[in-house]
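Whatever order the structure lists ligands and atoms in, that order sets their numbers, starting from 1.
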Amino acid sequence: MAKNIVVIGAGVAGLTTALLLSKKSGYKIVVAAKHMPGDYDIEYASPWAGANYMPVSISGTDAAEWDKNTWGPLEDLARNNPGAGVHFQECEIHNRTKDVGSATAEWFKELLSSNPWFAKVVPNFRALPKESLGPGIDSATVFTSVCINTAIYLPWLVSQCLSNGVIFKRGVFDHILDATASGIHPNGRVDLVVNCTGLMASKLGGVEDTTVVPARGQIVIVRNDAGKMLDMSGTDDGDEEACYVMTRAAGGGTILGGSYQKGNWESQPDPNLAIRIMKRAVKMCPALTDGKGIEHLDIIRHGVGLRPVREGGTRIEKELIGGVLVVHNYGAGGAGYQSSYGCAQAAVDLIDQAWNVQAKL
Ligand code: FAD
C-alpha cells in the first residue's frame with residue numbers, strides 16, 4: 001500500500017525533496033505550504049536567492065558532501081534542460097589579503113582557498129593571472145558554475161512534481177502535527193511528515209528550533225548584464241556586508257548583493273545599504289555600466305530575503321513527534337540551492353529507511 005506523505009514547505013528544499021520522492025513508486029505526496037512559487041515574502045527565502053553554485057562548505061563535512069552531490073544534477077539541468085532556467089556562468093572569486101580574519105573571509109574560508117575541495121568537482125577551476133586582477137585584488141580563482149533564475153526554476157520544480165502526481169495545497173500550520181489533520185491528505189491517514197519549513201522551523205510548534213536564525217540578505221536586481229559572476233572576500237563597509245554579482249538565466253536580470261546580517265528580521269530594503277551595494281558592484285565589475293557610475297544601473301527592484309542559518313548546519317534527521325514519523329530538511333543558510341539535491345537525497349534515504357526504522361525510535 002502506498003505511504004502517504006505530507007511535505008511542509010514549497011521552497012527549494014521542499015520542492016526538491018518532493019520531486020525526488022515522486023520519482024519513486026510507493027509514495028503519495030502532498031506539498032502543503034503557506035507560500036508557493038510566485039509569492040514574495042520575508043518568510044520565504046527561495047525566490048530571493050541569486051542563485052548560484054559557490055560552495056563555502058568545509059572539506060570533509062556533511063555539507064560538502066551535499067554540495068558535491070548537487071553539482072551533477074545542476075550541471076545536467078544547465079546542459080540538457082533549458083526549461084529549468086539554469087545556465088552556465090564563469091564564477092570569479094576575488095581575494096583581498098586585508099580581509100583575512102574578517103567575518104566574510106571566515107565564512108568563505110574554503111571558497112577563498114587556492115585548492116578547495118570543489119576544484120575537482122566543477123569544470124575549469126584555475127587561478128587567474130596576477131596581471132589580470134583589478135586594483136586592490138591580491139589573488140583570484142575562477143571556475144565554471146551555474147546561475148539559477150529562481151522565478152523560472154521554482155515553478156519548474158512544481159511542474160515536474162505535478163507531472164509525477166504530487167498534490168499541492170496551501171496550508172498554514174501552528175504545529176507540525178497539524179499537517180496530519182483530516183483534509184490535508186486525500187487518502188486520510190498521513191504516514192510521514194517532511195519538515196522543510198526553513199527559517200520558520202524556529203517557530204513551528206513541535207519543532208521550535210531556536211538555533212535557526214535569519215541572516216538577512218539585501219539585494220538590488222538590475223537589467224545590466226555582468227557577463228560573469230563575481231564575488232569578493234570582504235568589503236570596507238563592515239562585517240555584515242558582502243559584494244557579489246550574478247546574472248540569472250533567461251532574462252532574469254543581474255543580482256547585486258549583498259549583506260549577511262545575522263539575527264536581523266527587517267523585511268524592508270535599507271536605502272543606504274542599497275547605495276553601498278551598487279557602488280561596490282560597479283567598482284568590482286565595471287562591465288556592468290561600461291565603467292560609469294551607479295546612475296547607469298537600470299534597477300528592476302530592491303529585495304530582502306532571510307537565509308535560514310542553523311547552528312550546526314542543515315538538519316537532515318528523523319524524529320518521532322507525538323507518534324508521527326517526521327523527517328527534517330531545513331536550515332540550509334546561504335546554500336539552499338547549491339546543496340538542494342544532496343540534502344533532498346539524504347532526506348529521501350531516511351524516508352526510504354523509515355518503515356524499517358520506526359520500531360526502533
Ligand atoms: P524557504 O524557501 O524559506 O521555504 C520555506 C517553506 O516553508 C515556504 O513554502 C513556507 O511557506 C513554508 N512554511 C514555513 N513555515 C510554515 C508553516 N508553519 N506552515 C506552512 N508552511 C510553512 N542559496 C544558494 O544555494 N545559492 C545562492 O546563490 C543563494 N543566494 C542567496 C541570496 C539571498 C539574498 C538569500 C536571502 C538567500 C540565498 N541563498 C542562496 C539561500 C537560499 O535562498 C536558501 O537556503 C533556501 O531558499 C532555503 O530554502 P527552504 O526551502 O529551506 O526555505
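Where the criterion is an N or O separation shorter than 3.5 Å, residue side chain and backbone included, K34 meets it with respect to ligand 1. An N or O contact shorter than 3.5 Å is missing between S339 and ligand 1 by distance. Not a single N or O atom of I8, backbone or side chain, sits closer than 3.5 Å to an N or O atom of ligand 1. In terms of polar-atom proximity, G333 is counted as a contact of ligand 1, with an N or O under 3.5 Å from an N or O of the ligand. Of the N or O atoms in Y337, one or more lie within a sub-3.5 Å distance of an N or O in ligand 1. Ligand 1 has no nitrogen or oxygen under 3.5 angstrom from a nitrogen or oxygen of W48.
A salt bridge is absent between D76 and R79: the closest approach of a Lys/Arg side-chain nitrogen to an acidic carboxylate oxygen does not fall below 4.0 angstrom. By the 4.0 Å N-to-carboxylate-O rule, K34 lies close enough to E43 to be salt-bridged with it.
Using 4.0 Å as the threshold, G257 has no heavy atom nearer than that to any atom of ligand 1. In this structure, L199 has no heavy atom closer than 4.0 Å to ligand 1. Remark: distances from the non-hydrogen atoms of G258 to ligand 1 are all 4.0 Å or more. Residue contact annotation: Y44 has a non-hydrogen atom under 4.0 Å from ligand 1.
Contacts with ligand 1 closer than 4.0 Å are made by backbone heavy atoms (N, CA, C, O) of E43 only, the side chain lying farther away. Heavy atoms from both the backbone and the side chain of A13 come within less than 4.0 Å of ligand 1. Residue A201 does not touch ligand 1, judged by heavy-atom distances below 4.0 Å. With a heavy-atom cut-off of 4.0 Å, V12 touches ligand 1 through backbone and side chain alike.
Other residues, nucleotides and ligands contribute more than 12 heavy atoms inside 6.0 Å of the CD atom of E295.
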Carefully, step by step, assess F118 and Y53 under the rule ring-ring contact (aromatic ring centres under 6.0 Å, His included). CA-CA 10 Å; F118 60 85; Y53 185 90; 7.2 Å; no

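P308 CG, 3.9 Å is the protein heavy atom nearest to atom 48 (C) of ligand 1. Scanning the protein for heavy atoms near atom 24 (C) of ligand 1, the closest one is G334 O, 3.3 Å. Protein heavy atom in closest approach to atom 53 (O) of ligand 1: G198 CA, 3.8 Å.
Ring planes of Y330 and H328: perpendicular class, angle over 60° (limits at 30 and 60°). The aromatic rings of W48 and Y40 stand perpendicular to each other, their planes meeting at an angle above 60°, with 30° marking the opposite boundary.
Aromatic rings of Y341 and W66 (six-membered ring for Trp) have centroids beyond the 6.0 Å cut-off, not under it.
Of the listed options P37, A32, S46, G11, S46 places a heavy atom closest to atom 47 (O) of ligand 1.
Side chain of S102 to main chain of A105: a donor-acceptor pair is present (N/O by atom type, distance under 3.5 Å, no hydrogens or angles). Distance alone, capped at 3.5 Å, is enough to place a donor-acceptor pair between the N224 side chain and the L288 backbone. Between the side chain of H302 and the backbone N or O of Q268 there is no donor-acceptor pair closer than 3.5 Å.
A pairwise comparison of heavy atoms in L230 and C285 identifies CD1-SG, 3.6 Å as the closest pair.
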